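For reference, the structure is listed below as structure tokens.
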Amino acid sequence: QVQLVESGGGLVQAGGSLRLSCAASGSSGSINAMGWYRQAPGKQRELVAVISSGGRTNYADSVKGRFTIRDNAKNTVYLQMNSLKPEDTAIYYCNAKSVFGNIGWGQGTQVTVSS
């Protein structure tokens with residue numbers, strides 16, 4: 001298992017920006033991909049963006065062109081969120097996967113976008 005610590009959530013007006021960070025520790029050598037998921041009230045958790053150890057990225061259609069995921073090759077992943085919309089309001093969770101599946105979740109950080 002890995003431990004994931006998130007930071008960077010908060011309250012922002014529509015059109016604004018936030019950057020989320022997630023630092024991994026523990027058995028981080030087994031990480032094959034890291035990503036961000038979000039869960040809004042009354043909705044299921046959904047994938048926002050993911051980056052593989054090789055640098056390949058994948059985004060939800062709803063955030064393409066607005067959000068950017070990157071890592072620093074030192075087990076920290078960032079999610080730059082621009083042009084935020086009220087529908088982006090959710091708890092954002094960091095996730096780590098090995099080749100066998102999920103190996104860790106962060107505690108979640110609240111992102112609130114006001115209209």
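Just so we're clear, the structure is a prediction, and the values are computed from it rather than from any experiment. What you see below is based on every heavy atom in this structure, not just the backbone, and it leaves out hydrogens, waters and symmetry mates.
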Original post:
Under the side chain to side chain contact (heavy atoms under 4.5 Å, CB included) criterion, do Val48 and Tyr92 qualify, and how do the steps go?
Top reply: CA-CA 9 Å; Val48 176; Tyr92 284 69; 4.1 Å; yes

**OP:** Any chance you could measure Leu84, atom CG, to Ser114, atom OG, to the nearest 0.5 Å?
**Re:** 10.0 Å

**OP:** Not counting sequence neighbours, which residues clear side-chain contact (heavy atoms from CB on, under 4.5 Å) with Gln39? List them please.
**Re:** Arg45, Tyr93

**OP:** Flag yes if Ile91 and Val63 sit in one hydrophobic cluster, no otherwise; membership is Ile, Leu, Val, Met, Phe, Trp, Tyr, and two members link when side-chain heavy atoms are under 4.5 Å apart.
**Re:** no

Subject >> Side-chain touch Val12/Ser17, heavy atoms, less than 4.5 angstrom >> reply: no

Original post:
What heavy-atom pair brings Arg66 and Ser83 nearest, and what distance separates the two atoms?
Top reply: NH1-O, 2.9 Å

Subject >> Approximate separation, where rounding is to 0.5 Å, of Asn75 CG and Ser53 OG >> reply: 10.5 Å

**OP:** Assess the pair Tyr37 and Trp105: is the distance between their ring centroids shorter than 6.0 Å?
**Re:** yes

**OP:** State, yes or no, whether a side-chain contact exists between Phe67 and Leu79 at a heavy-atom distance under 4.5 Å.
**Re:** yes

Original post:
Side-chain contact, heavy-atom cut-off 4.5 Å: Gln110 with Thr89?
Top reply: yes

**OP:** Measure across Ala90 and Ala40 and return the closest heavy-atom pair with its distance rounded to 0.1 Å.
**Re:** CB-N, 3.8 Å

Subject >> Ile69 side chain reached by Met34 side chain, heavy atoms, under 4.5 Å >> reply: no

Original post:
Any ion pair linking Asp88 and Lys85 (charged N to carboxylate O, less than 4.0 Å)?
Top reply: no

Original post:
In Å, rounded to the nearest 0.5 Å, how long is the span from CD of Gln1 to OG of Ser25?
Top reply: 11.5 Å

Original post:
Between atom CG of Asn82 and atom CG of Leu18, what is the distance when rounded to the nearest 0.5 Å?
Top reply: 9.5 Å

**OP:** Check the pair Leu47 / Asn95 against side chain to side chain contact (heavy atoms under 4.5 Å, CB included), numbers first and verdict last.
**Re:** CA-CA 10 Å; Leu47 174 69; Asn95 170 262; over 6 Å; no

Subject >> For the student: nearest non-hydrogen atoms of Ala96 and Val2, plus distance >> reply: CB-CG2, 3.9 Å

Original post:
If you round to the nearest 0.5 Å, how far is CD1 of Ile51 from OH of Tyr78?
Top reply: 11.5 Å

**OP:** Determine whether Trp36 and Leu20 make a side-chain contact, defined as any pair of heavy atoms from C-beta on separated by less than 4.5 Å.
**Re:** yes

**OP:** Identify the heavy atoms of Cys94 and Glu6 that sit nearest to each other, and give their distance.
**Re:** N-OE2, 2.5 Å

Original post:
Do the side chains of Met81 and Arg19 get nearer than 4.5 Å, heavy atoms only?
Top reply: no

Original post:
Is Ile103 reachable from Val50 through a run of I, L, V, M, F, W or Y residues, each pair having side-chain heavy atoms under 4.5 Å apart?
Top reply: no

Original post:
Does a side chain donor of either Asn32 or Lys97 reach within less than 3.5 Å of an acceptor in the other side chain?
Top reply: no

Subject >> Rounded distance [0.5 Å steps], CD1 in Ile31 versus OG in Ser98 >> reply: 9.5 Å

